[in-house]
S.K.: 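Following this message is one structure expressed as structure tokens.
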Amino acid sequence: MLLDSASMYFRAFYGVPEIKAPDGTPVNAVRGLVDFIARLVGDYRPTHLVACWDNDWRPQWRVDLLPSYKAHRVEAERTGAPDVEEVPDPLEVQVPIIREVLDAFGICVLGADGYEADDVIGALATQADQAVDIVTGDRDLFQLVDDDAEVRVLYIARGVGRHERVTNEWVREKYGIDAHQYADFATLRGDASDGLPGVAGIGEKTAATLLGRFGDIAGIVAAAADPDADLAPGPRGKIKAAADYLAVAPQVVAVARDLDLGAGPEDLRLPPEPRDLPRVAELAHRWGLESPVQRLTTALVGG
């Protein structure tokens, strides 16, 4: 089970009412995330669990290709280090606590410098030799769904308790494409939340139709350039007008799959009980997390 950590703790922050630790520090995101993990572990009993981390939430190599990428979420630019993401102060103070709690439980936290959590998820899911569940509220990861390899997404947009199990059939029913086409679909359609402008005048239905006929963006671009291709003047003109965008955006949207993360199967294994019980107890007491910590502990031991 691969957790899109930021997607989950943002969701917990906005979905769980404000709760404060004894010293007044907000801890609603911490409590929510721990409860999310407890529920998922209890329901799915994964053998391995990885909290995938954004070591760089807006990698420079993606920005170099497409300057608008996540630009609206930048709070401050930095040279030689990742830009500062706009994060609410009451959430920002909770992220180090989340790391502490995960570490005390022995849950693997894994990131890669210069890459997003999505890329870590892409590499682990592609390189895994067992079934994989990806937990996220981000549709971009639908591109990793692979029925043959038993990779699916547990999509938590409506909440962890109401999550949807995304398979290729699910993607096809919802969007009219196969999951492996989703990155190209998102590139064509655009995604304002990631600063992807898309192709002007191309919506979901047209994007799905074009991918159904020509397979991928390379095939669509080739058809637009071929006067004999069976492509109407309207879409042809829109694709040709977006040539510069389509030359770079697919590389931005596609998650990395070949990263060497330096972690073996044993590093990713979910412990049968909290790794450091005294530290877990101390953190639970300090931050007022006794109930969610107990629920996760119970889930780990299979109670």
Side-chain angles (χ1 to χ4, degrees), residues 1-8 10-11 14-15 36 39-40 43-44 52 69-70 116-119 121-122 124-126 128 131-221 223 231-232 234-235 238-239 242 245-246 249-257:
M1 180 171 282
L2 306 176
L3 309 179
D4 184 356
S5 303
S7 173
M8 293 177 71
F10 266 92
R11 194 162 301 278
Y14 287 109
F36 290 168
R39 179 162 192 160
L40 290 161
D43 287 349
Y44 288 95
C52 301
Y69 183 64
K70 294 185 178 180
E116 302 173 51
D118 285 8
D119 300 309
I121 291 170
L124 290 173
T126 302
V132 176
D133 284 332
I134 299 165
V135 183
T136 185
D138 184 354
R139 295 180 297 174
D140 285 345
L141 291 172
F142 292 172
Q143 65 186 277
L144 293 171
V145 168
D146 184 336
D147 290 354
D148 292 336
E150 295 186 278
V151 177
R152 67 179 173 181
V153 165
L154 305 181
Y155 186 47
I156 59 171
R158 298 193 300 171
V160 170
R162 301 173 61 203
H163 69 265
E164 299 172 88
R165 298 174 187 175
V166 178
T167 61
N168 191 71
E169 181 183 2
W170 189 98
V171 174
R172 178 149 284 287
E173 286 185 359
K174 189 167 183 67
Y175 300 109
I177 56 169
D178 288 317
H180 71 85
Q181 297 174 302
Y182 190 85
D184 282 353
F185 175 77
T187 299
L188 291 165
R189 177 201 61 202
D191 188 342
S193 67
D194 281 340
L196 292 174
V199 176
I202 300 290
E204 288 195 353
K205 289 184 178 180
T206 303
T209 298
L210 291 172
L211 288 168
R213 292 175 61 195
F214 302 108
D216 55 21
I217 283 177
I220 294 169
V221 170
L231 186 59
K238 292 167 184 174
I239 294 297
Y245 166 74
L246 291 175
Q251 301 167 65
V252 174
V253 178
V255 300
R257 294 172 180 256

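These numbers come from the heavy atoms of this one structure, side chains and all, not from hydrogens, waters or symmetry mates.
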S.K.: Please identify each residue that fulfils side-chain contact (heavy atoms from CB on, under 4.5 Å) with R165, with sequence neighbours left out.
M.R.: Y44, R152, L154, H163
S.K.: Using a 4.5 Å cut-off on heavy atoms from C-beta on, say whether the side chain of L144 contacts that of I134.
M.R.: yes
S.K.: Write out all pairs satisfying ring-ring contact (aromatic ring centres under 6.0 Å, His included) with one or both partners inside residues 141-160, taking only residues at least two apart or from two chains.
M.R.: F142-Y155, F142-W170, F142-Y182
S.K.: Tell me, yes or no, whether the heavy-atom count around E164 atom CD, taken from other residues, nucleotides or ligands under 6.0 Å, exceeds 12.
M.R.: yes
S.K.: Considering residues at least two apart in sequence or located in another chain, which fulfil the side-chain hydrogen bond (donor to acceptor under 3.5 Å, both in side chains) criterion with D4?
M.R.: T136
S.K.: Report the residues that fulfil side-chain hydrogen bond (donor to acceptor under 3.5 Å, both in side chains) with D147, sequence neighbours left out, ordered by chain and then residue number.
M.R.: none
S.K.: Nearest 0.5 angstrom please: Q181 CD to I217 CD1, how far?
M.R.: 10.5 Å
S.K.: The criterion is side-chain contact (heavy atoms from CB on, under 4.5 Å); which residues satisfy it with A254, sequence neighbours excluded?
M.R.: Q143
S.K.: Between D216 and G219 (side chain of the first, backbone of the second, donor and acceptor by atom type, cut-off under 3.5 Å), is there such a pair?
M.R.: yes
S.K.: Does D178 have any side-chain hydrogen bond (donor to acceptor under 3.5 Å, both in side chains) partners at least two apart in sequence or in another chain, and if so, which?
M.R.: N168, R172
S.K.: Salt bridge between K70 and E116, side-chain N to carboxylate O under 4.0 Å?
M.R.: yes
S.K.: Within the distance-only criterion (no hydrogens, no angle test), does the side chain of D146 pair as donor or acceptor with the backbone N or O of D148 below 3.5 angstrom?
M.R.: yes
S.K.: Just verifying a value: how many Å separate T209 OG1 and E204 CD, rounded to the nearest 0.5 Å?
M.R.: 11.5 Å
